[in-house]
Engineer: 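This is the structure I have questions about; it appears just below.
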Amino acid sequence: MEEEKLVSFDLKANFGFLKKPDYNDGLLLSYNMLHKPALLGILGAILGLSGYQQKGIFPEYYEKLKDLPIGIEPLNHEKGNFQKTSVKYSNTVGYANSDGNLLIEETMLIHPAYRCYLLLSMSNSDHAKLYDYLKEGKAEYIPYMGKNEFQIWWIDESTGENTFQEYNFNSGSSSNTTLPILTFFRKTINVRENTEDDSMANYNPFEFVFSPETFMYFERLPIRFDAELRQYKLEDYAYSNMHLKAGVQLPHIYYLSSKEAYVQLI
């Protein structure tokens, strides 16, 4: 039987820039949540796998890690959001723009922090190496949060302790209790109108408790690259502090006994 390990590690940075492909009159935007393609790049740096080297060819890290199931939990956030600021850059040399003045504004995240969950297959040599490197606090290249000046690590600076954790887990949800889902999850159900299709009418997967602390955050995030277009393939995601009802079977859901909570790993 193939041995699998479900692990997590925390990534924190003073600033982050998870660039969106959108461009609006000189304004470069950042995703709020760390997404799978960006995390794969971070894991590739840890393993020392090569990045982009030839146009039209996916990098080594993506080809080797694209099927790795991952889940991401935001930390130290405000109802799913991280504070943002913007920085303006200017270039006034004559060849920068036709009028000699190039102005760009870039959005940045302030103190982004995420707990990254991985389901590692120990029969896969890259997964096994990643398990060892994360556990030992090692990396071939220094990872960063979107830009090389925003370096990150998974050793807690205040305590000096490795944030790496390993979990006992079961696939699927519990049938007898409501539990939180720690990661943001694929929004296959319209949680606003509580319908997905006719067969799901009036179905709601959450135990609603209305209070000032209750929230539901939505973001459209990259999940993979389109093999033909070489662009991000986007899907709708949601994140909430509400609990899933007993017996709800979201796809790719795992129960963590030590946390009495779920994660979704895709």
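Just so it is clear, the structure is predicted and the values come from calculations on it, not from any experiment. Every heavy atom of this structure was used, including side-chain atoms; hydrogens, water molecules and symmetry mates were not.
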Engineer: Do I46 and W154 make a side-chain contact, defined as non-hydrogen atoms from C-beta onward lying under 4.5 Å apart?
Structural biologist: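 Answer yes - side chains close enough.
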Engineer: I would like to know whether K147 and E106 meet salt bridge (Lys or Arg N to Asp or Glu O under 4.0 Å); could you show each step before the answer?
Structural biologist: CA-CA 12 Å; K147 297 182 71 174; E106 187 175 272; 2.8 Å; yes
Engineer: In the structure I gave you, are the side-chain heavy atoms of F184 and Y217 within less than 4.5 Å of one another anywhere?
Structural biologist: no
Engineer: Kindly indicate whether the side chain of D236, heavy atoms from C-beta on, has any atom under 4.5 Å from the side chain of F218.
Structural biologist: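 They are not in side-chain contact.
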Engineer: Give a yes-or-no answer on whether the side chains of Y131 and E166 include a donor-acceptor pair shorter than 3.5 Å.
Structural biologist: yes
Engineer: Examine F225 together with Y232 and report whether their ring centres are nearer than 6.0 Å.
Structural biologist: yes
Engineer: Quick check: do L68 and L120 have side-chain heavy atoms less than 4.5 Å from each other?
Structural biologist: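 L68 vs L120: side chains touch.
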Engineer: Is the closest side-chain heavy-atom distance between N32 and H77 below 4.5 Å?
Structural biologist: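 Of all side-chain heavy-atom pairs linking H77 with N32, none is under 4.5 Å.
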Engineer: For L134, is there any backbone N or O sitting under 3.5 Å from a side-chain donor or acceptor partner on N162?
Structural biologist: yes
Engineer: With a 4.5 Å cut-off on side-chain heavy atoms, are N14 and H111 touching?
Structural biologist: yes
Engineer: Rounded to the nearest 0.5 Å, what's the gap from OG1 on T183 to OH on Y254? Could you check?
Structural biologist: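 Those atoms lie 11.5 Å apart.
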Engineer: So, do L18 and M145 sit near enough that their side-chain heavy atoms are less than 4.5 Å apart?
Structural biologist: yes
Engineer: What is the distance from atom CZ of R115 to atom CG of N76, rounded to the nearest 0.5 Å?
Structural biologist: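 Rounded to the nearest 0.5 Å, the CZ-CG separation comes to 9.0 Å.
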Engineer: Using the ring of each side chain (for Trp, its six-membered ring), is F215 parallel, tilted or perpendicular to Y239, with breaks at 30° and 60°?
Structural biologist: tilted
Engineer: For the residue pair M33 and P74, establish whether any side-chain heavy-atom pair is separated by less than 4.5 Å.
Structural biologist: yes
Engineer: Output yes when a side-chain donor or acceptor of K66 lies under 3.5 Å from a complementary backbone atom of R224, and no otherwise.
Structural biologist: no
Engineer: Assess the side chains of E73 and Y117: does a donor N or O sit below 3.5 Å from an acceptor N or O?
Structural biologist: yes
Engineer: Determine yes or no for a side-chain-to-main-chain donor-acceptor pair under 3.5 angstrom, with K84 supplying the side chain and F82 the backbone.
Structural biologist: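 Yes, because the side chain of K84 sits within donor-acceptor range (under 3.5 Å) of the backbone of F82.
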